[in-house]
Amino acid sequence: MSKHPLAYLDDELNDLRERGLFRWPRVLEGPQEAVARYDGREVINLCSNNYLGLANHPKLKAAARRALDDLGVGSGAVRTIAGNMAIHTQVEEELARFKHTEATLLYQSGFTANAGTVSAILGKDDVIVSDELNHASIIDGGRLSGAAKKIYPHKDVAAARALLEESRGARHVLLITDGVFSMDGDIAPLPGLVALAEEFNVIMMVDDAHASGVLGRAGRGTVDHFNLHGRVHVQVGTLSKAFACQGGYVAGSRTLVDYLIHRARPLLFSTSHPPSVAATALAAVRLVQQEPEIIERLWENTRFFKQGLKQLGFNTGSSETPITPVIAGDEQLAMELSDRLFTNGVFALGIAFPTVPRGKARVRTIVTAGHTNAHLRRALDAFEKVGKELKLI
Ligand SMILES: *Cc1c(COP(=O)(O)O)cnc(C)c1O
(Lines give C-alpha, C1' and ligand atoms only; values in the text may rest on other atoms or scores of the structure.)
Protein backbone atom coordinates (compact mmCIF):
# COMPACT_ATOMS: atom_id res chain seq x y z
CA MET A 1 0.00 0.00 0.00
CA SER A 2 1.35 3.43 -0.85
CA LYS A 3 1.98 6.01 1.88
CA HIS A 4 -0.40 8.84 2.60
CA PRO A 5 0.84 11.88 0.65
CA LEU A 6 1.27 13.81 3.91
CA ALA A 7 3.02 10.97 5.79
CA TYR A 8 6.31 12.85 5.66
CA LEU A 9 4.81 15.35 8.11
CA ASP A 10 4.45 12.55 10.67
CA ASP A 11 8.11 11.69 10.12
CA GLU A 12 9.11 15.28 10.78
CA LEU A 13 6.96 15.44 13.92
CA ASN A 14 8.33 12.16 15.22
CA ASP A 15 11.82 13.52 14.80
CA LEU A 16 10.85 16.55 16.91
CA ARG A 17 9.29 14.24 19.54
CA GLU A 18 12.48 12.16 19.76
CA ARG A 19 14.53 15.29 20.31
CA GLY A 20 12.14 16.61 23.00
CA LEU A 21 11.24 19.59 20.81
CA PHE A 22 7.61 18.79 20.03
CA ARG A 23 5.60 21.67 21.50
CA TRP A 24 2.06 22.87 21.43
CA PRO A 25 0.83 26.25 22.60
CA ARG A 26 -0.33 26.42 26.20
CA VAL A 27 -3.95 27.46 26.58
CA LEU A 28 -4.71 30.78 28.27
CA GLU A 29 -7.90 30.34 30.27
CA GLY A 30 -8.93 33.94 30.90
CA PRO A 31 -7.63 37.41 30.06
CA GLN A 32 -4.03 38.22 29.16
CA GLU A 33 -2.63 39.42 32.50
CA ALA A 34 0.64 39.57 34.48
CA VAL A 35 -0.61 36.61 36.51
CA ALA A 36 -2.72 34.36 34.33
CA ARG A 37 -4.14 30.85 34.13
CA TYR A 38 -2.46 28.63 31.53
CA ASP A 39 -3.27 24.91 31.20
CA GLY A 40 -5.12 24.98 34.52
CA ARG A 41 -2.29 26.55 36.51
CA GLU A 42 -2.02 30.10 37.80
CA VAL A 43 1.41 31.40 36.84
CA ILE A 44 3.42 34.59 36.73
CA ASN A 45 3.32 35.35 33.04
CA LEU A 46 6.70 36.30 31.56
CA CYS A 47 5.75 35.41 28.00
CA SER A 48 3.40 38.02 26.65
CA ASN A 49 4.15 41.13 24.60
CA ASN A 50 1.51 42.94 26.62
CA TYR A 51 4.28 45.31 27.76
CA LEU A 52 2.06 47.99 29.21
CA GLY A 53 -0.57 45.68 30.65
CA LEU A 54 -3.23 47.21 28.40
CA ALA A 55 -4.76 44.00 26.99
CA ASN A 56 -7.52 44.06 29.58
CA HIS A 57 -7.58 47.81 30.29
CA PRO A 58 -11.00 49.37 31.06
CA LYS A 59 -10.46 52.40 28.78
CA LEU A 60 -9.49 50.23 25.82
CA LYS A 61 -12.36 47.82 26.42
CA ALA A 62 -14.80 50.75 26.59
CA ALA A 63 -13.47 52.09 23.27
CA ALA A 64 -13.83 48.67 21.64
CA ARG A 65 -17.34 48.22 23.04
CA ARG A 66 -18.45 51.63 21.78
CA ALA A 67 -17.14 50.90 18.27
CA LEU A 68 -18.81 47.50 18.35
CA ASP A 69 -22.17 49.06 19.24
CA ASP A 70 -21.88 51.97 16.80
CA LEU A 71 -20.11 50.33 13.86
CA GLY A 72 -20.66 46.58 14.05
CA VAL A 73 -18.33 43.61 14.08
CA GLY A 74 -16.68 43.67 10.66
CA SER A 75 -15.52 46.05 7.94
CA GLY A 76 -16.93 43.95 5.11
CA ALA A 77 -14.18 44.38 2.52
CA VAL A 78 -10.58 45.28 1.85
CA ARG A 79 -9.68 48.94 2.33
CA THR A 80 -9.40 49.68 -1.39
CA ILE A 81 -12.87 48.36 -2.21
CA ALA A 82 -15.50 49.14 0.42
CA GLY A 83 -13.82 48.46 3.77
CA ASN A 84 -12.09 51.80 4.33
CA MET A 85 -13.87 52.96 7.49
CA ALA A 86 -13.49 56.43 8.99
CA ILE A 87 -12.09 54.83 12.14
CA HIS A 88 -9.19 53.36 10.11
CA THR A 89 -8.17 56.78 8.80
CA GLN A 90 -8.57 58.25 12.30
CA VAL A 91 -6.05 55.72 13.61
CA GLU A 92 -3.67 56.60 10.78
CA GLU A 93 -3.92 60.32 11.49
CA GLU A 94 -3.30 59.76 15.20
CA LEU A 95 -0.31 57.51 14.45
CA ALA A 96 1.18 60.07 12.04
CA ARG A 97 0.99 62.76 14.74
CA PHE A 98 2.44 60.29 17.26
CA LYS A 99 5.35 59.30 15.02
CA HIS A 100 5.97 62.81 13.62
CA THR A 101 5.68 61.59 10.03
CA GLU A 102 3.63 62.90 7.12
CA ALA A 103 1.51 59.79 6.91
CA THR A 104 0.95 56.25 8.12
CA LEU A 105 -0.78 53.21 6.67
CA LEU A 106 -2.49 50.50 8.70
CA TYR A 107 -1.92 46.84 7.95
CA GLN A 108 -3.65 43.80 9.44
CA SER A 109 -0.50 42.95 11.40
CA GLY A 110 3.11 43.91 11.91
CA PHE A 111 3.98 40.83 9.87
CA THR A 112 2.02 42.00 6.84
CA ALA A 113 3.34 45.55 7.32
CA ASN A 114 6.91 44.29 6.87
CA ALA A 115 6.26 41.65 4.23
CA GLY A 116 3.84 43.84 2.29
CA THR A 117 6.00 46.94 2.34
CA VAL A 118 9.37 45.38 1.51
CA SER A 119 7.88 43.37 -1.34
CA ALA A 120 6.08 46.44 -2.70
CA ILE A 121 9.02 48.85 -2.74
CA LEU A 122 11.71 46.45 -4.04
CA GLY A 123 11.99 44.27 -7.13
CA LYS A 124 14.43 41.81 -8.67
CA ASP A 125 16.97 44.44 -9.73
CA ASP A 126 17.29 45.70 -6.15
CA VAL A 127 19.29 44.76 -3.05
CA ILE A 128 18.25 44.34 0.56
CA VAL A 129 20.98 44.74 3.17
CA SER A 130 19.68 43.10 6.35
CA ASP A 131 20.82 42.23 9.90
CA GLU A 132 21.16 38.45 10.38
CA LEU A 133 18.70 38.53 13.29
CA ASN A 134 15.96 40.51 11.54
CA HIS A 135 12.39 39.27 11.97
CA ALA A 136 10.92 36.52 9.76
CA SER A 137 8.45 38.99 8.21
CA ILE A 138 11.36 41.06 6.86
CA ILE A 139 12.98 37.92 5.47
CA ASP A 140 9.71 36.87 3.81
CA GLY A 141 9.21 40.38 2.39
CA GLY A 142 12.68 40.17 0.88
CA ARG A 143 11.90 36.78 -0.66
CA LEU A 144 8.62 38.01 -2.12
CA SER A 145 10.33 41.05 -3.63
CA GLY A 146 12.87 38.98 -5.58
CA ALA A 147 15.62 41.42 -4.52
CA ALA A 148 19.13 40.11 -3.87
CA LYS A 149 19.74 39.61 -0.13
CA LYS A 150 22.95 40.59 1.60
CA ILE A 151 23.04 39.68 5.27
CA TYR A 152 25.44 41.34 7.73
CA PRO A 153 26.47 39.89 11.11
CA HIS A 154 24.29 41.08 13.99
CA LYS A 155 24.61 44.85 14.58
CA ASP A 156 27.86 45.00 12.60
CA VAL A 157 27.79 48.48 11.02
CA ALA A 158 31.20 48.06 9.37
CA ALA A 159 30.02 44.86 7.67
CA ALA A 160 26.83 46.61 6.53
CA ARG A 161 29.02 49.31 5.05
CA ALA A 162 31.02 46.77 3.05
CA LEU A 163 27.77 45.28 1.68
CA LEU A 164 26.52 48.74 0.68
CA GLU A 165 29.86 49.37 -1.00
CA GLU A 166 29.51 46.24 -3.14
CA SER A 167 25.86 47.11 -3.94
CA ARG A 168 26.67 50.46 -5.57
CA GLY A 169 25.51 49.36 -9.03
CA ALA A 170 22.06 48.18 -7.91
CA ARG A 171 18.87 50.03 -8.91
CA HIS A 172 17.52 50.55 -5.37
CA VAL A 173 19.06 49.48 -2.07
CA LEU A 174 17.21 48.98 1.22
CA LEU A 175 19.10 48.95 4.53
CA ILE A 176 16.83 47.32 7.10
CA THR A 177 16.97 46.44 10.78
CA ASP A 178 14.75 45.50 13.69
CA GLY A 179 14.71 48.41 16.18
CA VAL A 180 14.69 46.00 19.13
CA PHE A 181 15.62 42.38 18.42
CA SER A 182 12.86 40.10 19.57
CA MET A 183 14.85 37.14 20.88
CA ASP A 184 17.77 39.02 22.48
CA GLY A 185 16.23 42.32 23.55
CA ASP A 186 19.14 44.39 22.28
CA ILE A 187 18.75 47.67 20.38
CA ALA A 188 19.87 48.27 16.78
CA PRO A 189 22.83 50.62 16.18
CA LEU A 190 20.43 52.95 14.41
CA PRO A 191 22.53 56.16 14.43
CA GLY A 192 25.38 54.33 12.67
CA LEU A 193 23.04 52.69 10.17
CA VAL A 194 21.24 55.97 9.40
CA ALA A 195 24.59 57.67 8.76
CA LEU A 196 25.47 54.85 6.35
CA ALA A 197 22.12 55.12 4.56
CA GLU A 198 22.74 58.84 4.08
CA GLU A 199 26.31 58.33 2.90
CA PHE A 200 25.24 55.76 0.29
CA ASN A 201 21.87 57.42 -0.43
CA VAL A 202 19.88 54.22 0.18
CA ILE A 203 16.47 53.59 1.73
CA MET A 204 16.55 53.23 5.55
CA MET A 205 13.86 51.08 7.18
CA VAL A 206 13.38 50.07 10.81
CA ASP A 207 10.96 47.53 12.27
CA ASP A 208 9.94 48.84 15.69
CA ALA A 209 7.55 46.05 16.70
CA HIS A 210 9.22 45.60 20.11
CA ALA A 211 10.06 49.29 20.47
CA SER A 212 6.46 50.47 19.95
CA GLY A 213 5.14 51.68 23.29
CA VAL A 214 8.46 50.77 24.91
CA LEU A 215 11.30 53.03 23.67
CA GLY A 216 11.33 56.76 22.96
CA ARG A 217 9.07 59.46 24.40
CA ALA A 218 5.63 57.94 25.14
CA GLY A 219 6.85 54.83 23.30
CA ARG A 220 7.37 56.45 19.90
CA GLY A 221 10.10 53.94 19.06
CA THR A 222 13.81 53.84 18.25
CA VAL A 223 13.74 56.79 15.84
CA ASP A 224 12.57 58.99 18.70
CA HIS A 225 14.86 57.23 21.21
CA PHE A 226 17.91 58.17 19.11
CA ASN A 227 16.43 61.49 17.95
CA LEU A 228 16.59 60.55 14.26
CA HIS A 229 13.30 62.12 13.18
CA GLY A 230 13.12 62.74 9.44
CA ARG A 231 16.11 60.50 8.72
CA VAL A 232 14.46 57.04 8.55
CA HIS A 233 12.38 56.64 5.40
CA VAL A 234 10.24 53.70 6.46
CA GLN A 235 9.21 52.86 10.02
CA VAL A 236 7.11 49.81 10.87
CA GLY A 237 5.25 49.61 14.14
CA THR A 238 2.89 47.07 15.63
CA LEU A 239 -0.38 47.54 17.46
CA SER A 240 -0.31 43.91 18.60
CA LYS A 241 2.26 44.16 21.38
CA ALA A 242 2.42 47.14 23.77
CA PHE A 243 -0.73 48.59 22.20
CA ALA A 244 -2.49 45.40 23.16
CA CYS A 245 -4.79 44.75 20.22
CA GLN A 246 -3.93 43.75 16.66
CA GLY A 247 -2.36 45.31 13.62
CA GLY A 248 0.70 46.98 12.20
CA TYR A 249 1.49 50.17 10.37
CA VAL A 250 4.04 51.88 8.21
CA ALA A 251 5.01 55.48 8.98
CA GLY A 252 6.80 57.69 6.47
CA SER A 253 6.16 60.15 3.69
CA ARG A 254 2.83 60.78 1.96
CA THR A 255 4.43 59.48 -1.24
CA LEU A 256 5.39 56.20 0.41
CA VAL A 257 1.88 55.69 1.78
CA ASP A 258 0.16 56.66 -1.49
CA TYR A 259 2.37 54.21 -3.35
CA LEU A 260 1.68 51.40 -0.85
CA ILE A 261 -2.08 51.97 -1.18
CA HIS A 262 -1.65 51.00 -4.84
CA ARG A 263 0.91 48.20 -4.48
CA ALA A 264 0.96 46.60 -1.01
CA ARG A 265 -0.66 43.22 -1.49
CA PRO A 266 -1.93 42.64 2.08
CA LEU A 267 -3.76 45.95 1.83
CA LEU A 268 -5.17 45.17 -1.61
CA PHE A 269 -6.15 41.55 -1.01
CA SER A 270 -7.00 41.11 2.67
CA THR A 271 -9.90 42.58 4.64
CA SER A 272 -9.31 45.54 6.95
CA HIS A 273 -9.62 45.48 10.73
CA PRO A 274 -12.94 45.23 12.47
CA PRO A 275 -13.83 48.71 13.75
CA SER A 276 -13.51 47.60 17.40
CA VAL A 277 -9.86 46.71 16.81
CA ALA A 278 -9.16 50.07 15.18
CA ALA A 279 -10.92 51.85 18.06
CA THR A 280 -8.83 49.93 20.58
CA ALA A 281 -5.63 50.94 18.79
CA LEU A 282 -6.72 54.57 18.75
CA ALA A 283 -7.46 54.47 22.48
CA ALA A 284 -4.11 52.79 23.21
CA VAL A 285 -2.04 55.33 21.29
CA ARG A 286 -3.89 58.16 23.06
CA LEU A 287 -3.49 56.49 26.46
CA VAL A 288 0.32 56.24 26.30
CA GLN A 289 0.51 59.93 25.47
CA GLN A 290 -1.80 60.85 28.37
CA GLU A 291 -0.22 58.43 30.86
CA PRO A 292 3.44 57.95 29.90
CA GLU A 293 4.13 56.90 33.51
CA ILE A 294 2.92 53.42 32.51
CA ILE A 295 6.07 53.15 30.39
CA GLU A 296 8.21 54.28 33.31
CA ARG A 297 6.70 51.45 35.38
CA LEU A 298 7.65 48.98 32.63
CA TRP A 299 11.24 50.20 32.77
CA GLU A 300 11.40 50.07 36.59
CA ASN A 301 10.28 46.44 36.41
CA THR A 302 12.76 45.78 33.62
CA ARG A 303 15.71 47.12 35.63
CA PHE A 304 14.70 45.18 38.74
CA PHE A 305 14.18 41.84 37.01
CA LYS A 306 17.19 42.00 34.71
CA GLN A 307 19.44 42.93 37.64
CA GLY A 308 17.98 40.06 39.67
CA LEU A 309 18.68 37.47 36.96
CA LYS A 310 22.22 38.76 36.51
CA GLN A 311 22.89 38.68 40.26
CA LEU A 312 21.75 35.06 40.34
CA GLY A 313 24.45 34.37 37.75
CA PHE A 314 22.38 33.60 34.66
CA ASN A 315 23.66 34.35 31.16
CA THR A 316 21.27 37.07 29.99
CA GLY A 317 23.09 37.91 26.78
CA SER A 318 23.17 41.51 25.62
CA SER A 319 19.62 42.61 26.43
CA GLU A 320 18.86 46.33 26.91
CA THR A 321 15.05 46.23 26.98
CA PRO A 322 12.19 44.44 28.82
CA ILE A 323 13.04 41.30 26.80
CA THR A 324 15.61 39.35 28.81
CA PRO A 325 16.77 35.95 27.54
CA VAL A 326 18.14 33.36 29.95
CA ILE A 327 20.50 31.48 27.69
CA ALA A 328 20.89 27.75 28.35
CA GLY A 329 22.65 26.83 25.10
CA ASP A 330 21.44 23.24 24.78
CA GLU A 331 17.92 22.90 23.35
CA GLN A 332 16.65 20.23 25.73
CA LEU A 333 18.08 22.08 28.71
CA ALA A 334 16.21 25.24 27.70
CA MET A 335 12.95 23.28 27.39
CA GLU A 336 13.57 21.59 30.75
CA LEU A 337 14.20 24.99 32.35
CA SER A 338 10.93 26.28 30.93
CA ASP A 339 8.95 23.21 32.03
CA ARG A 340 10.33 23.27 35.58
CA LEU A 341 9.69 27.00 35.90
CA PHE A 342 6.10 26.35 34.89
CA THR A 343 5.71 23.70 37.60
CA ASN A 344 7.08 26.31 39.99
CA GLY A 345 4.49 28.91 38.97
CA VAL A 346 6.38 30.86 36.30
CA PHE A 347 5.58 30.86 32.59
CA ALA A 348 8.69 31.64 30.51
CA LEU A 349 8.88 30.02 27.11
CA GLY A 350 11.73 27.82 25.91
CA ILE A 351 12.96 28.88 22.47
CA ALA A 352 15.17 26.82 20.16
CA PHE A 353 16.30 26.57 16.55
CA PRO A 354 15.10 27.83 14.05
CA THR A 355 13.77 30.78 16.06
CA VAL A 356 17.26 31.30 17.54
CA PRO A 357 20.61 29.92 16.25
CA ARG A 358 21.67 26.39 17.24
CA GLY A 359 23.55 26.32 20.55
CA LYS A 360 21.79 29.49 21.70
CA ALA A 361 18.58 27.94 23.02
CA ARG A 362 17.04 29.92 25.81
CA VAL A 363 14.12 30.82 27.96
CA ARG A 364 12.86 34.25 27.01
CA THR A 365 11.34 36.53 29.63
CA ILE A 366 9.35 39.71 29.11
CA VAL A 367 8.26 41.77 32.09
CA THR A 368 5.31 44.14 31.81
CA ALA A 369 4.07 47.25 33.57
CA GLY A 370 1.38 45.03 35.06
CA HIS A 371 3.78 42.99 37.20
CA THR A 372 4.16 43.99 40.84
CA ASN A 373 7.49 43.84 42.63
CA ALA A 374 6.17 40.83 44.58
CA HIS A 375 5.42 38.97 41.32
CA LEU A 376 8.93 39.58 40.07
CA ARG A 377 10.52 38.53 43.34
CA ARG A 378 8.55 35.30 43.26
CA ALA A 379 9.67 34.73 39.69
CA LEU A 380 13.32 35.31 40.64
CA ASP A 381 12.97 32.79 43.50
CA ALA A 382 11.69 30.19 41.02
CA PHE A 383 14.55 30.94 38.62
CA GLU A 384 17.04 30.51 41.48
CA LYS A 385 15.57 27.16 42.57
CA VAL A 386 15.31 25.70 39.07
CA GLY A 387 18.59 27.23 37.88
CA LYS A 388 20.40 25.45 40.73
CA GLU A 389 18.59 22.15 40.06
CA LEU A 390 19.75 22.27 36.44
CA LYS A 391 23.23 23.55 37.36
CA LEU A 392 22.80 26.66 35.22
CA ILE A 393 23.95 28.78 38.17
C1 LIG B 1 6.04 40.56 16.53
C2 LIG B 1 6.91 41.12 15.49
C3 LIG B 1 6.40 41.46 14.25
C4 LIG B 1 5.00 41.11 13.86
O5 LIG B 1 4.06 41.92 14.49
P6 LIG B 1 2.55 41.40 14.59
O7 LIG B 1 1.77 42.65 14.76
O8 LIG B 1 2.47 40.47 15.74
O9 LIG B 1 2.25 40.71 13.30
C10 LIG B 1 7.24 42.08 13.34
N11 LIG B 1 8.53 42.34 13.64
C12 LIG B 1 9.05 42.02 14.83
C13 LIG B 1 10.48 42.35 15.12
C14 LIG B 1 8.27 41.39 15.79
O15 LIG B 1 8.80 41.04 16.95
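When a ligand or atom number is given, it counts from 1 through the structure's own listing order. FYI, side chains are in, hydrogens and waters are out, and symmetry mates aren't considered; it's all heavy atoms of this structure. Keep in mind that this is a model prediction, so the values were computed, not measured.
- The closest approach between Gly248 and ligand 1 stays at or above 4.0 Å for every heavy atom of the residue.
- Using a 4.0 Å cut-off between charged nitrogen and carboxylate oxygen, Arg254 and Asp258 count as a salt-bridge pair.
- The side chain of His210, and not its backbone, has at least one atom closer than 4.0 Å to an atom of ligand 1 (non-hydrogen atoms only; side chain from C-beta on).
- Between Asp381 and Arg377 there is no salt bridge, since no side-chain N of the basic residue sits under 4.0 Å from a carboxylate O of the acidic one.
- Residues Phe200 and Val129 fall within the same hydrophobic cluster, defined by Ile, Leu, Val, Met, Phe, Trp and Tyr side chains chained together at heavy-atom separations under 4.5 Å.
- The residues Glu93 and Arg97 are annotated as not salt-bridged, no charged nitrogen and carboxylate oxygen being separated by less than 4.0 angstrom.
- Near Asn114, with a cut-off below 4.0 Å to any heavy atom, the atoms of ligand 1 are 10 (C), 11 (N).
- Linking ILVMFWY side-chain heavy atoms closer than 4.5 Å, directly or via other members, places Val157 and Leu190 in a single hydrophobic cluster.
- By the 4.0 Å heavy-atom criterion, Gly247 is counted among the residues contacting ligand 1.
- For Glu291 and Lys59, the salt-bridge test passes: some basic side-chain N is under 4.0 Å from an acidic carboxylate O.
- Remark: minimum distance from atom 13 (C) of ligand 1 to any protein heavy atom is reached at Asp207 OD2, 3.1 Å.
- Per-residue contacts place Phe111 under 4.0 angstrom from the following atoms of ligand 1 (heavy atoms of the residue considered): 4 (C), 5 (O), 6 (P), 9 (O).
- One finds no salt bridge joining Arg303 and Glu300 here, because no Lys/Arg side-chain nitrogen approaches an Asp/Glu carboxylate oxygen to under 4.0 Å.
- Ion pairing between a basic and an acidic side chain is recognised when a charged N comes within 4.0 Å of a carboxylate O; Glu384 and Lys388 show such pairing.
- Near Ser137, with a cut-off below 4.0 Å to any heavy atom, the atoms of ligand 1 are 10 (C).
- The distance from ligand 1 to the heavy atoms of Gly110 drops below 4.0 Å at these ligand atoms: 4 (C), 5 (O), 6 (P), 7 (O), 9 (O).
- Residue-ligand proximity, Thr238 to ligand 1, at heavy-atom distances under 4.0 Å covers atoms 5 (O), 6 (P), 7 (O).
- Looking at Val180 next to ligand 1, no N or O pair under 3.5 Å apart turns up.
- Polar contact check, Gln246 against ligand 1: no nitrogen or oxygen pair lies under 3.5 Å apart.
- Using a 4.0 Å cut-off to heavy atoms of Ser182, the atoms of ligand 1 that qualify are 15 (O).
- Crowding of Arg263 atom CZ: a count of heavy atoms from other residues, nucleotides or ligands under 6.0 Å not exceeding 12.
- Of all atoms in ligand 1, numbered sequentially from 1 with element shown, those under 4.0 Å from a heavy atom of Ser240 are 6 (P), 7 (O), 8 (O).
- Residue contacts with ligand 1 include Lys241, since one or more of its heavy atoms lies under 4.0 Å from the ligand.
- Within the listing of ligand 1, atoms 2 (C), 3 (C), 10 (C), 11 (N), 12 (C), 13 (C), 14 (C), 15 (O) sit less than 4.0 angstrom from a heavy atom of Ala209.
- Relative to the six-membered ring of Tyr38, Arg26 misses at least one condition, a distance below 6.0 Å or an angle of at most 45° to the axis.
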